[in-house]
Amino acid sequence: MQTAIHPVDEKLPAAKLFTLGIQHVLVMYAGAIAVPLIIGGALHLPKDQIAFLINADLFCCGLVTLIQALGIWKFGIRMPVMMGVTFAAVGPMVAMAGNPSLGILSIYGAVIASGIFGLIITPFMSRAVRFFPPVVTGTIITVIGITLMRVGINWAAGGQPMIFDAASKSMQPNPNYGAPENLAIAFFVLVAIMLMTRYLRGFLSNISVLLGMVLGFVVSLVLGKVSFDGLGEAGWFAFIMPFQYGMPTFDLGAIIGMCLVMIVTMVESTGMFLALSELTGKRISNEELANGLRADSLGTVIGGVFNTFPYTSFSQNIGLVGVTGVRSRYVCAAAGVILVAFGMFPKMAHVAASIPVYVLGGAGIVMFGMVAATGIKILGNAGLNHQRHNLFIVAVSIGAGMIPLVAPQFFSHLPHWLGTIVDSGILLATIAAVMLNLFFNGQGTESEAKAFAMAAAHSSDH
């Protein structure tokens, strides 16, 4: 009797893989290119060099996504995961960029060293599953969704409220933020996705997010709100060479800062992998979790070698899995191939970059809300009705996770080096949930954690 193939391992026809892969790429594209733009600006690089950083980033995004989704030896969780540069590293890297004694080569040296550090500590991090019962996992995933919602809402309004002005070399208010036409198009995309999810069936329903973004793009194009600036100057082909700027240098302080970032991203990735386990209905073992964290670390080493930055599993795309119900990891592998092509064919990347950010915002509100809803679903199985202590765990942990969202200056008088920790609401919620669960409920067993994972897989397999 032939064993049934799990939806995560299902191989779809090439045309479907390409279409669904494009959908994943467009969802994460704005986030993928944001960090190279920020760091390139902080380093005062010319436009052509910033464009190179973006190409290198897209190339590595694709390469590391392929490793994570398909798996090579002990690297890759073999789940529908997209990889992108972590925003947790922005603060330390901007500080390095502003230090005349460091610069870009020290950034790459710190990135490579932190990736190696991650490979060393992966076995210890992967054994932490017992500390993540439903009350902890549900809380973390809820906070991930709420944290991402800020991204989607800002997208819908037209980007960030403050943007970098090249002329004054300072942050200035975004004049287009909250413009009525931006909000209207974002709302149009949101409504279109809801209607298609309700009335379309099969494959068309699975690509409702992509179709909604296409409709939003067409409306923006008709209204003259799409800019193809830079497309003519972009090259047809760009080969990404390792160590383009020279051999990296290694500064101890910079390395320590980036190693702290690596710990933060590994904790966040653990929560994201558990969220995917719930969404896909596939139980992940300690070894598979280790393989996923190992791919994050290897991706960071690859990033430093190929002139880009630390990589992590991108939480934006978890929501897309929940919205579409498409769980095949080969879809993300197809998206990885597309990203590699974008990195090597800059004109393709420029066309994708021309999609207005508020078009993505309409889709983002749906997807990121789905992540939060998944966390709430898990909390429904956390015994909140008969375990009063668990209510305190959820209440305090979500409160801690909200601090960076609602009060960005809350920790402004703490030492600067703590910024990597206290600026991440996801990390604050994780620390609070794990510590409070240990205090109220004690240390769980690995068998209990696996039993929960199996129950989650059974309840999600539909």
### Query
With a 3.5 Å cut-off and no angle check, do the side chains of Y245 and Q49 form a donor-acceptor pair?
yes
### Query
Is there a donor-acceptor pair closer than 3.5 Å between any side-chain N or O of S220 and the backbone N or O of K225?
no
### Query
Mind checking whether F59 and F306 have parallel, tilted or perpendicular rings, split at 30° and 60°?
tilted
### Task
For atom CZ of F187, decide whether the heavy atoms of other residues, nucleotides or ligands shown that lie under 6.0 angstrom number more than 12.
no
#### Entry: Lys/Arg N to Asp/Glu carboxylate O, E288 vs R78, below 4.0 Å
no
### Task
Write down the atom of G115, the atom of S297, and the distance for their closest heavy-atom approach.
O-CB, 3.4 Å
### Task
Apply the side-chain contact (heavy atoms from CB on, under 4.5 Å) test between R294 and each candidate in I67, L289, L119; give the one that qualifies.
L119
### Query
When you measure from the side chain of H24 to the backbone N and O of P80, does any donor-acceptor pair fall under 3.5 Å?
no
### Query
D296 and S269: side-chain donor and acceptor closer than 3.5 Å?
yes
### Task
Give a yes or no answer on whether the side chain of T300 reaches the backbone of Y311 with a donor-acceptor pair at less than 3.5 Å.
yes
### Query
Can you tell if the side chain of F314 reaches within under 4.5 Å of the side chain of T86, non-hydrogen atoms only?
no
### Message
So does L211 get a backbone contact from the side chain of Q23, meaning a donor-acceptor N/O pair under 3.5 Å?
### Response
no
### Task
Give a yes or no on whether a salt bridge exists between K282 and D9, defined as a side-chain N under 4.0 angstrom from a carboxylate O.
yes
### Task
Can you measure from OG1 (T265) to CD1 (I426) and round to the nearest 0.5 angstrom?
11.5 Å
### Within-4.5 Å side-chain heavy-atom neighbours: I207 and L200
no
### Query
With distance as the sole test, does Y108 use its side chain to make a donor-acceptor pair with the main-chain N or O of N307 at under 3.5 Å?
yes
### Query
Does one side chain, of N176 or Y358, offer a donor that lies under 3.5 Å from an acceptor on the other?
no
### Query
Mind checking whether W73 and F75 have parallel, tilted or perpendicular rings, split at 30° and 60°?
tilted
### Query
Is there a donor-acceptor pair closer than 3.5 Å between any side-chain N or O of S328 and the backbone N or O of E10?
yes
